[in-house]
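Reviewing the structure listed below.
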Amino acid sequence: MSKPRLTPRERVRAEVSAEILDAAHRQLADGGATHISLRAVARELGMASSAVHRYFATRDDVITALLLREYTSLADALTAAEAAVPRVDHRGRIEALFLAERRWALDHPRSWGLLFGEPVPGYAAPEATTDPATRFFQLLAAVSRDAPAPAGPPSEVFDLPPQALLVAAAIAPGVPGWRLAVAMAAGAWMFGSISAELWGHLGPHDDLETLYRAGVQHWVSLLLG
């Protein structure tokens, strides 16, 4: 079913909104989301501050719109990468998710910092960001449900606090508890490893992709049992 055509006014609003978000995104390089200023955005775009406020009432509204845009971009990249692998190749589907996450981060370092860097003081992301923000774990759960059930959990089992287990189960219903625990630990490793690479904390390695792939192989083996 085709999307309804936008009116001229709606098209203008969408275009100007995108320009405002692009300008705010460029400010991320100056020190993260805390440096986003509607006044500075207006100055860069040659607009009056009052005009910018007609599109985004507050700086938090801009941050929310940026979060939704970048989370959706990452979620779309993950979905496409996982969908490109044959359904019966469970190992390949999980590997594709890990590799797509890193590839997107390297291609969008400012966006990665916005999504997974230092929180903005006083800002709380709305519930609308939850679905795209958890796409990695949703897709990982889908593979876990498709994969043959192993005889039992691996020897390396991670215990989750009860509250964390409830959150994980809500994101990935129907996945055994031990797989949820491994998935959460794997996700923590992934986010930390990618961030450490982006911020230059892994030292003078010549081939960080090989290092990352070695970690991916470890977690995939644990997840599949």
Side-chain angles (χ1 to χ4, degrees), residues 68-116 129-160 164-165 167-199 201-203 205-225:
L68 284 170
R69 188 175 77 169
E70 303 311 313
Y71 270 133
T72 299
S73 171
L74 173 56
D76 289 346
L78 292 170
T79 301
E82 192 272 338
V85 181
R87 301 297 84 191
V88 295
D89 184 2
H90 305 110
R91 174 175 289 272
R93 289 166 64 187
I94 297 177
E95 290 174 352
L97 290 172
F98 278 98
L99 297 178
E101 187 95 23
R102 176 177 176 271
R103 181 71 267 157
W104 188 90
L106 295 179
D107 291 341
H108 306 85
R110 293 180 187 174
S111 299
W112 181 268
L114 172 67
L115 301 183
F116 305 112
T129 63
T130 300
D131 180 69
T134 57
R135 188 67 55 82
F136 175 87
F137 292 104
Q138 294 174 34
L139 293 169
L140 193 59
V143 182
S144 297
R145 287 189 289 267
D146 290 347
S155 57
E156 298 183 53
V157 176
F158 304 87
D159 291 327
L160 285 181
L165 187 59
V167 172
I171 296 172
V175 176
W178 69 266
R179 268 186 168 157
L180 290 176
V182 173
M184 293 288 282
W189 168 84
M190 178 186 71
F191 293 126
S193 179
I194 292 173
S195 294
E197 178 178 354
L198 282 180
W199 316 144
H201 297 313
L202 291 183
H205 292 286
D206 293 330
D207 191 352
L208 290 174
E209 181 172 348
T210 298
L211 180 65
Y212 183 78
R213 284 178 178 269
V216 171
Q217 292 298 318
H218 168 74
W219 290 109
V220 171
S221 295
L222 288 181
L223 284 163
L224 292 180

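Source: prediction; values computed, not measured.
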Task: Parallel, tilted or perpendicular: rings of W189 and W219 (30°, 60°) - done: tilted

TODO: Given side-chain contact (heavy atoms from CB on, under 4.5 Å), test E209 with R102 step by step and report yes or no.
DONE: CA-CA 9 Å; E209 181 172 348; R102 176 177 176 271; 3.7 Å; yes

Open item on the list: So which atom in L180 and which in A172 form the shortest heavy-atom distance, rounded to 0.1 Å?
Closed with: CD2-CB, 3.8 Å

Task: Non-hydrogen atoms of R179 and A147 that approach each other most closely - done: NH2-CB, 4.1 Å

TODO: Supply the atom-to-atom distance E82 CD to D89 CG, rounded to the nearest 0.5 angstrom.
DONE: 10.0 Å

Open item on the list: Give me the atom names and distance for the closest heavy-atom approach of F191 to E101.
Closed with: CE2-OE2, 3.6 Å

Open item on the list: Is any side-chain heavy atom of P173 closer than 4.5 Å to one of R145?
Closed with: yes

- [ ] Take the angle between the ring planes of W112 and F116 and call it parallel below 30°, perpendicular above 60°, tilted in between.
- [x] tilted

Open item on the list: What's the separation between atom CD in Q138 and atom OG1 in T79, rounded to the nearest 0.5 Å?
Closed with: 8.5 Å

Open item on the list: Using only atom types and a distance under 3.5 Å, with no angle test, would you say the side chain of R93 pairs donor to acceptor with the backbone of R87?
Closed with: yes

- [ ] Please name the pair of heavy atoms, one in L223 and one in W178, separated by the smallest distance, quoted to 0.1 Å.
- [x] O-CH2, 3.7 Å

Task: Approximate separation, where rounding is to 0.5 Å, of L106 CG and I194 CD1 - done: 7.5 Å

TODO: Ignoring hydrogens and angles, tell me if any N or O in the side chain of S73 forms a donor-acceptor pair with the backbone of R69 under 3.5 Å.
DONE: no

Task: R103 side chain near L99 side chain, heavy-atom distance below 4.5 Å - done: no

- [ ] Evaluate the criterion side-chain contact (heavy atoms from CB on, under 4.5 Å) for residue pair H108 and L74; output intermediate values, then yes/no.
- [x] CA-CA 9 Å; H108 306 85; L74 173 56; over 6 Å; no

- [ ] Compare every heavy atom of A81 with every heavy atom of A100, then report the nearest pair and how far apart it is.
- [x] CB-CB, 3.6 Å

Open item on the list: Any heavy-atom pair between the side chains of L222 and H218 that's under 4.5 Å?
Closed with: yes

Open item on the list: Taking the side chain as everything from C-beta on, heavy atoms only, tell me whether L211 gets closer than 4.5 Å to E197.
Closed with: no

- [ ] Quick one: pull up CG in L140 and CD1 in I171 and give me the separation to the nearest 0.5 Å.
- [x] 11.0 Å

Task: Criterion side-chain contact (heavy atoms from CB on, under 4.5 Å) on L224 and R91, from CA distance to verdict - done: CA-CA 8 Å; L224 292 180; R91 174 175 289 272; 3.9 Å; yes

Task: Smallest separation among heavy atoms of W104 and A77, with atom names - done: CD1-CB, 4.0 Å

Open item on the list: Show, in sequence, the C-alpha distance, side-chain angles and deciding distance for Y71 and D131, and conclude whether the side-chain contact (heavy atoms from CB on, under 4.5 Å) test is met.
Closed with: CA-CA 9 Å; Y71 270 133; D131 180 69; over 6 Å; no

